[in-house]
Amino acid sequence: MKLLVTGGAGFIGTNYIHYVLDTHPTDEVVVLDALTYAGNIENFQRIEHNPRFRFVKGDICDAALVDKLVQQVDAVVHIAAETHVDRSIHNADDFVRTNVLGTQVLLDACRKHFNKRFHHVSTDEVFGSLGRTGIFRENTPYEPRSPYSASKAGADHLVSAAFHTHGQAVTISNCTNNYGPYCFPEKFIPLFITNLLEGKKVPLYGDGMNIRDWIYVADHCKGIDVALRKGRNGETYCFGGRNERSNTEVAQMILFEMGYGQEMIQTVRDRPGHDRRYAIDPEKAETELGWAAETPFLHGLRKTIEWYKTNTSWWKRIKNGEYREYYEKQYGVNGITGPAPERPFDIRGEKT
Ligand code: NAD
Ligand code: TYD
């Protein structure tokens, strides 16, 4: 297969394209990514000379570019999004534009070009917030509560509408919180690990008793891939780690593994509208797709801590902003001016 992967320079996208290139020896991957603050082409160092990989810098809302790229591939794996809840509380504009409008632009191109297969990578946050009991499943009614989750819910509805209205070949997956390598250090687990590596305290929101169901990113990537290749059109698949933990518990595990005590926790003001608990029942994906989350939490957490310890320059360059200059130095401001880049960094989306 030749895949167009949107958002391939972000956390899950980077892990997914590495997974595809490593697992499917004849597959080709074209990444379309706008390189927002969350995208980082330094992530491609291991694959940038792989002839089966190509990077296009561009916006999923750019209909002409998307149209051109969709023609060149067999399927689209749509991962690009604005993703950080705290940012969406501050300003929701980019969330609505990228997550809602961008998804429709991709769907339109897929419909136009012989109904190209489309998989949407979504989140369990669209289902809202659970109390002490209950669990999210594929048929749980949507009840998003943050601008981020509302925009992802809008995207999911557009994907569903493309199936029901136009008979498009689509699937959706809704996954719980991911952790692992290449996660931008504004999210809970990498923020806590990198703060401790810098000898700084870690900010725990509210009473620390909010619960998330953590999944190792490689397990999610396998799920995305199997949903793309084996999922039935029009279906949703929920992926989760069967691994519910309170934020306090996760913070304590990180502190313990990194040799720090409780005194490094700084309790801070709670996030407005902070969802209390997320949890997924992944039974449908397990029985229908033969998928299961395999990485035990402590093992995954240790691997993640090790990755951030080994890749200090990766997250330090993010925290001090230097990673933003790398692309511009090599390819000009926004990649538009400067010397014409050669493969694989084809900024114009031309077939090479
Ligand atoms: P991320 O923020 O690390 O990466 C997002 C990527 O999308 C970045 O590379 C960014 O440059 C790119 N992007 C943003 N706007 C764009 C645009 N307009 N055009 C092209 N590219 C654009 O996000 P992530 O954590 O890797 O999440 C990826 C997807 O997975 C999202 O759709 C998210 O909703 C979903 N998801 C994430 C988690 C999680 O825990 N991180 C869990 C479930 C689902
Ligand atoms: P986050 O990684 O932002 O993911 P999401 O909000 O999408 O679940 O946050 C995970 C949990 O950690 C969430 O309950 C908020 C909490 N949190 C903190 O306690 N401190 C922090 O600095 C951050 C970023 C999150």
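Atoms considered below: every heavy atom in the structure, side chains included; atoms not considered: hydrogens, waters and symmetry mates. Counting convention: from 1, in listed order, for ligands and their atoms alike.
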Salt bridge or not for [X] and [Y], using N-O below 4.0 Å?
X      : Y      : result
Asp93  : Arg97  : no
Arg317 : Glu42  : yes
Arg212 : Asp124 : no

Cluster overlap Ile211 with Phe136, hydrophobic side-chain contacts below 4.5 Å:
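Per the 4.5 Å side-chain linkage, Ile211 and Phe136 are not co-clustered.
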Subset of ligand 1 atoms that lie under 4.0 Å from at least one heavy atom of [X]:
X      : answer
Gly58  : 19 (N), 20 (C)
Gly39  : 8 (C), 9 (O), 11 (O)
Asn177 : 40 (O)

Test side-chain contact (heavy atoms from CB on, under 4.5 Å) applied to Gln72 and Leu69, step by step
CA-CA 5 Å; Gln72 300 171 17; Leu69 292 174; 4.2 Å; yes
Of all heavy-atom pairs between Cys238 and Glu138, which one has the smallest distance, and what is that distance?
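Result for this residue pair: N-OE2, 2.8 Å.
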Which atom names give the shortest non-hydrogen contact between Tyr237 and Arg232, and what distance separates them?
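Closest approach of Tyr237 to Arg232, heavy atoms only: OH-N, 2.9 Å.
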Look at [atom] and find which of [options] reaches it with the closest heavy atom.
atom                    : options                     : result
atom 29 (C) of ligand 1 : Asp62, Leu35, Ile79, Val105 : Ile79
atom 5 (C) of ligand 1  : Gly7, Ala155, Ala80, Ala81  : Ala81
atom 19 (N) of ligand 1 : Leu65, Ile60, Ile41         : Ile60

Begin from the C-alpha positions of Tyr182 and Asn40 and carry the test side-chain contact (heavy atoms from CB on, under 4.5 Å) through to its verdict.
CA-CA 9 Å; Tyr182 297 105; Asn40 186 354; over 6 Å; no
Nearest protein heavy atom with distance in Å, relative to [atom]:
atom                    : result
atom 2 (O) of ligand 1  : Thr83 OG1, 2.7 Å
atom 11 (O) of ligand 1 : Asp33 OD1, 2.5 Å
atom 38 (C) of ligand 1 : Ile12 CD1, 3.6 Å
atom 32 (O) of ligand 1 : Lys152 NZ, 2.6 Å
atom 40 (O) of ligand 1 : Asn178 N, 2.9 Å

Just one of Thr103, Asp156, Asn99, Thr98 clears the side chain to side chain donor-acceptor pair (under 3.5 Å) bar with Ser151, so which one?
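In the set Thr103, Asp156, Asn99, Thr98, the residue that makes a side chain to side chain donor-acceptor pair (under 3.5 Å) with Ser151 is Asn99.
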Check: [X] side chain, [Y] main-chain N or O, donor-acceptor pair, under 3.5 Å:
X      : Y      : result
Gln168 : Leu107 : yes
Ser149 : Pro144 : no
Lys284 : Thr236 : yes
Asp74  : Met1   : no
Ser129 : Arg276 : yes

Examine [X] against ligand 1 and note whether any of their N/O atoms are separated by less than 3.5 Å.
X      : answer
Gly10  : yes
Thr176 : no
Arg97  : no
Thr36  : yes
Ala34  : yes
Leu32  : no
Tyr37  : no
Cys175 : no
Asp59  : yes

Which residue in the set Val20, Leu21, Thr14 passes side chain to side chain contact (heavy atoms under 4.5 Å, CB included) when paired with His18?
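So, applying the side chain to side chain contact (heavy atoms under 4.5 Å, CB included) to His18 and each of Val20, Leu21, Thr14, only Thr14 qualifies.
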Side chain to side chain contact (heavy atoms under 4.5 Å, CB included) partner of Tyr308, chosen from Thr304, Ile305, Asn311:
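Among the candidates, only Thr304 passes.
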Do any heavy atoms of [X] fall under 4.0 Å from ligand 1?
X      : result
Asn40  : no
Cys183 : no
Ser122 : yes
Thr6   : no
Tyr148 : yes

Starting from the C-alpha separation in whole Å, work towards a yes-or-no answer on ring-ring contact (aromatic ring centres under 6.0 Å, His included) for Tyr142 and His157.
CA-CA 10 Å; Tyr142 277 39; His157 289 316; 4.8 Å; yes
Please report the C-alpha distance between Phe95 and Arg87 in whole Å, then the side-chain angles of each, then the deciding distance to 0.1 Å, and finally whether the side-chain contact (heavy atoms from CB on, under 4.5 Å) criterion is met.
CA-CA 9 Å; Phe95 288 76; Arg87 286 178 189 259; 4.0 Å; yes
With ring-ring contact (aromatic ring centres under 6.0 Å, His included) as the criterion, how do Phe188 and Tyr205 come out once you've worked through the C-alpha distance, each side chain's angles and the decisive distance to 0.1 Å?
CA-CA 10 Å; Phe188 177 58; Tyr205 293 168; 8.3 Å; no
Does Phe11 approach ligand 1 within less than 4.0 angstrom via side chain, backbone, both or neither, non-hydrogen atoms only?
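For Phe11, backbone and side-chain atoms both sit under 4.0 Å from ligand 1.
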Using a cut-off of under 3.5 Å, which N/O atoms of ligand 2 pair up with protein N/O atoms, and what distance separates each pair?
unit_1	atom_1	unit_2	atom_2	d
ligand 2	2 (O)	Phe188	N	3.0
ligand 2	3 (O)	Arg271	NH2	3.0
ligand 2	4 (O)	Asn177	ND2	3.3
ligand 2	6 (O)	Arg271	NH1	2.5
ligand 2	6 (O)	Arg271	NH2	3.4
ligand 2	7 (O)	Glu125	OE2	2.6
ligand 2	8 (O)	Asn177	ND2	2.8
ligand 2	8 (O)	Arg212	NE	2.7
ligand 2	12 (O)	Asn247	ND2	3.4
ligand 2	14 (O)	Arg212	NH2	3.2
ligand 2	14 (O)	Asn247	ND2	2.9
ligand 2	14 (O)	His274	NE2	2.7
ligand 2	19 (O)	Tyr205	N	2.9
ligand 2	20 (N)	Pro203	O	2.7
ligand 2	22 (O)	Pro203	O	3.4

